[in-house]
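Excluded from the calculations below are hydrogen atoms, water molecules and symmetry mates; all remaining heavy atoms, backbone and side chain alike, are included. By convention in this document, chain letters (A, B, ...) are assigned in the order of the sequence lines, proteins followed by strands, and residues within each chain are numbered from 1.
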Protein chains: 2
Amino acid sequence: MSDAYTRVPSVLTHRLPRPVPADELAACPVGEVFRRMGDKWSMLLVVLLGSGPHRYGELHRAVEGISQRMLTRTLRGLETDGLVWREVHPTTPPAVEYGLTPLGLTLLEPLSALADWAVRHEAEIGEARSRHGGTRTPR
Amino acid sequence: MSDAYTRVPSVLTHRLPRPVPADELAACPVGEVFRRMGDKWSMLLVVLLGSGPHRYGELHRAVEGISQRMLTRTLRGLETDGLVWREVHPTTPPAVEYGLTPLGLTLLEPLSALADWAVRHEAEIGEARSRHGGTRTPR
DNA sequence: CAGAATCCCCACAGATACTG
DNA sequence: CAGTATCTGTGGGGATTCTG
């Protein structure tokens, strides 16, 4: 209320004419994508399926650490979003294949870009973390 | 164990010589990055800060929907990973600025690539979802 | 202004057991 | 083989209140 509130460094004056429409971003598909891929397994499965279709058991063994429940749920989620297809072969015993749809394949590219970034800057993140973890206990 | 288990379609024979080392991927930095960015707000804040440094209150208003708790926690997390810097100006009242570090700026690029993908394929995902939601109630 | 502290909730991960 | 069913725990995240 008083003029004390105006006593801020001039460098802080730097701001955008329009502070960026954040709600647009929040409601925008970008958030959706990260919500879908941000879980523990989705991205991993997309990358695995990027090498070609695979059967349920193959994926289960390949990921190794994922529960059947999570494997099924994650694949179903990806299928719902049209990123993965699912085909049941009525054999005995049943065989089910999963693979990337054309849409899923297009996702593979930007995903790889991010993966590359992660690999390239892994060390820097580690350093930064230990720096903060060493001087100040987080949490 | 019986030969009934061999009675699978020949198309399923298609598999990789080496089923892809998934544990490597699971333990690899890619997972870490997605864990950091995959939460509800991190990516959004990185994009916002991509337009330049901003103050706490600006961010709070810009995101609009985020609680103070989450804003602080998310910024701290990004700071810990060396993606965001934080500068306190000892004024009255205090003013705190947040901005992207050089490392954070490099992340902005692959992030944008993924964002572009999301925007471009938003409609397709929506269609796929309604397709599955219409014929088969998920969950 | 920029937070720290506290309480609470529920969505979702994980393990286990069972089935067509 | 490829799931479903069920239970349980963890913690992400929201609302509120208080403070330097």
Exercise for review: Treating Ile, Leu, Val, Met, Phe, Trp and Tyr as nodes and any side-chain heavy-atom pair under 4.5 angstrom as an edge, say whether B/Leu100 and B/Trp85 lie in one connected cluster.
Suggested key: no

[X] [atom1] to [N] [atom2]: how many Å, rounded?
X: B/Arg35; N: C/dA13; atom1: CZ; atom2: P; value: 11 Å
X: B/Asp39; N: C/dA11; atom1: CG; atom2: P; value: 18 Å
X: B/Glu87; N: C/dG3; atom1: CD; atom2: P; value: 13 Å
X: B/Glu97; N: C/dC1; atom1: CD; atom2: C1'; value: 14 Å
X: B/His60; N: C/dC1; atom1: NE2; atom2: P; value: 11 Å
X: A/His89; N: D/dG3; atom1: NE2; atom2: P; value: 12 Å
X: A/His54; N: D/dC1; atom1: NE2; atom2: P; value: 16 Å
X: B/Leu75; N: C/dG3; atom1: CG; atom2: C1'; value: 11 Å

Revision key, fill the gap. side-chain hydrogen bond (donor to acceptor under 3.5 Å, both in side chains) filter on B/Thr72, not counting sequence neighbours, yields B/Tyr56

Review point. What residues form a side-chain hydrogen bond (donor to acceptor under 3.5 Å, both in side chains) with B/Thr106, not counting sequence neighbours?
Key: A/Trp117

**Study point:** Listed partners of B/Glu109 passing side chain to side chain contact (heavy atoms under 4.5 Å, CB included), at least two apart
**Key:** none

Revision key, fill the gap. Residues passing the side chain to side chain contact (heavy atoms under 4.5 Å, CB included) test with B/Ala115, sequence neighbours excluded, are A/Val30

Given [N], is OP1 or OP2 found less than 4.0 Å from the side-chain N or O atoms of [X]?
X: A/Lys40; N: C/dC12; result: no
X: A/Trp41; N: C/dC12; result: no
X: B/Arg76; N: C/dA4; result: yes
X: B/Arg55; N: C/dA2; result: yes
X: B/Tyr98; N: C/dC1; result: no

Exercise for review: Select from B/Ile66 and A/Tyr56 the residue whose nearest nucleotide in DNA chain D is closer to the 5' end of that strand.
Suggested key: A/Tyr56

[X] and [Y]: which non-hydrogen atoms are nearest, and at how many Å?
X: A/Phe34; Y: B/Met43; result: CD1-SD, 3.3 Å
X: B/Leu108; Y: B/Gly50; result: CD2-CA, 3.6 Å
X: A/Thr74; Y: A/Ser42; result: CG2-OG, 3.4 Å

Study note, to complete from the structure: Protein-proximity profile, nucleotides 15-20 of chain D, B/S/- by nucleotide at the 4.0 Å heavy-atom cutoff, equals B-B--B

**Study point:** Lys/Arg N to Asp/Glu carboxylate O, A/Arg129 vs B/Glu32, below 4.0 Å
**Key:** yes

Check your understanding: Through what angle, rounded to 10 degrees, does the axis of the helix from C/dC1-D/dG20 to C/dG20-D/dC1 turn between its ends, using five pairs per end?
Key -> 50°

